[in-house]
Structures are given as structure tokens and as C-alpha cells.
Amino acid sequence: MVGRATRPTALASTPGLAPQPQVQFSDDNARVSAVLPTGESLEILLYGATVISWKDKNGDEKLWLSDAAKLDGSKAVRGGIPLVFPVFGTAPDHAATAQLPQHGFARTSRWEFLGKSTSESAPGQAADLSVKLDFGLSSPSLDSETQAKWPYAFNLIYSVTLSRESLTTSLVVTNDDDKPFDCQVLLHTYLRVKDITNVEITGLSSASYVDKVDGAKTKTQSSALTIAGETDRVYTPSTPPSDPVTVLEGGKTAFTVVRDNLSNVVVWNPWTDKAAGMADFAPKDGFKNMLCVEPGAVGTWQTLEPGDAFEGAQTIGIGY
Ligand code: TA6
């Protein structure tokens with residue numbers, strides 16, 4: 001475990017080695033940041049282990065973050081990549097999670113930074129071109145009120161890997177209890193787009209979905225998805241998770257999202273009224289520049305027996 005530091009600490013790298021990713025950890029302002037030798041960068045808040053910034057080699061931000069987002073742990077971050085666990089939304093009919101807040105406690109808990117690892121440069125390769133940052137959250141680190149609401153022994157390991165043209169986030173849930181528990185997992189990614197009215201999403205055709213804007217009716221996606229109003233849908237694609245969901249802007253690929261062991265994709269844009277109703281959503285027309293594409297296992301419950309683990313991941317690729 002990395003020791004408590006007052007000033008940002010640059011994690012050491014070996015002299016003479018190829019240029020290395022630079023990682024800074026600041027316990028005080030609860031952040032970890034990383035920069036690749038080629039310029040790509042990342043910033044993660046220990047509150048919720050929330051990725052709050054991801055920039056490409058040109059310094060262009062890929063994630064949307066509200067100007068009014070709370071970054072002090074007082075509320076889930078409005079933007080970036082909040083982590084949803086152990087319940088998606090609220091589940092009043094599911095006794096074990098009925099008392100938990102919307103989207104669970106992982107996104108509002110303070111995680112620990114467990115350390116970094118970098119890719120080994122292949123002989124002759126100029127530089128180490130990816131860095132993996134690991135974060136942990138386990139039941140003893142929850143406050144007593146939350147422990148009382150969800151009295152299970154668990155361990156979460158969250159790994160964020162920054163590479164040149166992609167970002168991978170993977171979550172491992174382990175049941176350390178002597179009784180089974182149910183959970184749901186989702187990576188609530190807020191992608192930044194230039195103009196939502198110019199966006200098309202492919203890779204969901206013929207997928208069934210629950211339309212939460214239309215009385216939770218179950219429907220089937222016919223063609224590419226465009227966003228022209230409030231959208232809140234839970235998709236269950238019939239295609240394998242390895243088949244990408246692609247976000248195009250003006251016909252050009254902006255993002256590809258590939259899932260691993262996550263059978264659902266939630267697509268969300270609050271549009272005008274919902275954005276106006278959220279105090280931490282700013283600017284109010286910010287919905288024109290964000291699109292949530294959220295891989296998850298939320299259609300049913302994952303039941304973990306004692307000692308069992310569940311792992312799910314996403315890889316977001318950048319289209320230049
Ligand atoms: O993932 C989509 C969704 O469940 C929407 O229903 C909307 O509520 C959104 O999450 C944001 O939830 P939050 O609790 O962050 O306000």
C-alpha cells in the first residue's frame with residue numbers, strides 16, 4: 001500500500017529505462033494521475049475511484065465532466081466514469097439492497113490506491129506505452145451505516161489501464177463472506193461528444209431494450225440509434241460482448257466500446273428537462289456534449305457464492 005503523502009508524489013521509475021509513464025499520487029486531494037511518454041493522460045479521484053479525465057495525445061478530453069460536479073466525496077461525481085455497485089438504480093423489491101442509495105455505494109466511497117504497473121518495453125521499443133493503476137475497496141473500509149445496510153464481506157479491485165488509443169477499466173468483485181450475495185455492476189461512462197445531434201450509435205441493432213423513458217416497455221432496436229430527446233435505455237445485445245458498440249460523429253468513429261463479461265449496455269442522455277433538474281449538472285446545455293454508454297451486468301443479479309468472484313471490463317477505443 002502506498003504511504004500517506006502530503007504533496008503529490010511522483011512514483012519512481014528506473015534510470016536508463018525507456019521513457020516511462022509518469023504517475024503522481026496525492027493523498028491530500030485524493031487523486032492519482034498518469035501521463036504516457038506519448039502524451040495521453042488520465043486522472044482518477046479516490047472518491048468512487050472515478051476516472052475524471054482522459055486525454056488523447058493531443059490533449060483532447062474524451063470524457064464529459066460537469067462544471068458543477070462534486071469532487072470532494074460529498075456526492076457521486078457527475079461525469080467521468082462513476083462505478084455502480086452492488087445495485088443499479090434502486091431495487092425496492094430486492095430486500096438485500098433495498099436500503100441502498102441509487103447506484104449503490106462504490107461511487108461514493110473512498111477507495112485506496114494500490115499501485116501502478118507498466119507494460120514491459122519490447123526490445124528496441126522506444127517507450128513503455130501503457131500504465132495500469134489499481135484501486136481497492138473492501139467492506140471494512142465502508143462507514144458503519146453503509147455496512148449495516150449491506151452486511152456482506154466483499155473485496156473490489158478496480159484496474160484502469162491507459163494505452164495509446166484506448167482506456168480499459170475492469171472490476172473484480174470477490175465474495176469474502178460465508179454466505180452468498182447478489183450484486184449488479186456497471187461502468188457509468190460519460191463520453192464527451194462535440195454535438196449530440198450529429199451522433200449515431202451502431203452495434204445495438206436487433207438488441208432488445210427496456211425503455212425507461214416510456215414506462216419501462218421492452219422494445220427492439222431496429223437501426224442505428226440517434227439521440228433527439230431524453231434517452232434512458234437498458235440494452236441486452238444479442239451479439240457477443242466483444243462486438244463493439246460504436247459512437248460515430250458526423251459519420252466518423254469517435255469511440256468504440258468493447259465489453260468483457262458485461263451483458264448489458266445502458267445508453268443515457270438526460271436532455272433539457274432532466275439536465276435542468278440536476279443541481280450538479282452544468283452547464284445546463286451540457287447534454288449536447290455528453291453521451292453515456294455504460295457497459296454493465298444489470299439485467300439480472302449476479303449471485304456470488306462464498307469465495308466466488310465476478311469480473312467485468314470495458315475497453316474504450318478512440319477513433320481519430
Ligand atoms: O444509467 C442511467 C441512469 O440510471 C439514469 O436513469 C439516470 O438516473 C442516470 O443513471 C444518473 O443517475 P444519478 O444517480 O447519477 O443521477
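Order of appearance sets the numbers: ligands from 1, and atoms from 1 within every ligand. For reference, positions follow the sequence shown, starting with 1. Below, all heavy atoms of this structure are taken into account, side chains as well, without hydrogens, waters or symmetry copies.
Ligand 1 places these atoms under 4.0 Å from at least one heavy atom of E294: 1 (O), 2 (C). Below 4.0 Å from some heavy atom of H103 lie the following atoms of ligand 1, by number and element: 3 (C), 4 (O), 10 (O), 12 (O), 14 (O). Near K212, meaning under 4.0 Å from any of its heavy atoms, are these atoms of ligand 1: 4 (O), 6 (O). Heavy-atom proximity to F88, at under 4.0 Å, picks out these atoms of ligand 1: 1 (O), 4 (O). Close approach to R78 involves these atoms of ligand 1, each under 4.0 Å from a residue heavy atom: 11 (C), 13 (P), 15 (O), 16 (O). For ligand 1 and D232, the ligand atoms under 4.0 Å from any heavy atom of the residue are 2 (C), 5 (C), 6 (O). For ligand 1 and V266, the ligand atoms under 4.0 Å from any heavy atom of the residue are 1 (O), 2 (C). For ligand 1, the atoms sitting less than 4.0 Å from at least one non-hydrogen atom of Q102 are 8 (O), 12 (O), 13 (P), 14 (O), numbered in the order shown with element in parentheses.
Contact check on D60 versus K55 returns no salt bridge, with no Lys/Arg side-chain nitrogen under 4.0 Å from an Asp/Glu carboxylate oxygen. Between K179 and D177 there is a salt bridge, with a side-chain nitrogen of the basic residue lying less than 4.0 Å from a carboxylate oxygen of the acidic one.
Here CZ of R31 is found 15.0 Å from CZ of F113. Values are rounded to the nearest 0.5 Å. Between W64 atom CH2 and R192 atom CZ the span is 8.5 Å, to the nearest 0.5 Å.
A side-chain donor-acceptor contact under 3.5 Å links E40 and T38. Using a 3.5 Å distance cut-off with no hydrogens or angles, the side chains of Q221 and S206 do not pair a donor with an acceptor.
For K219, the NZ atom is densely surrounded, since the number of other residues' heavy atoms within 6.0 Å is greater than 12. Enclosure of atom CD in E305 by more than 12 non-hydrogen atoms of other residues, nucleotides or ligands within 6.0 angstrom is indicated.
Counting heavy atoms closer than 4.0 Å to ligand 1, residue R107 contributes side-chain atoms (C-beta onward) but none from N, CA, C or O.
No N or O atom of W268 sits closer than 3.5 Å to an N or O atom of ligand 1. Ligand 1 has no N or O atom lying under 3.5 Å from any N or O atom of Y190, backbone or side chain.
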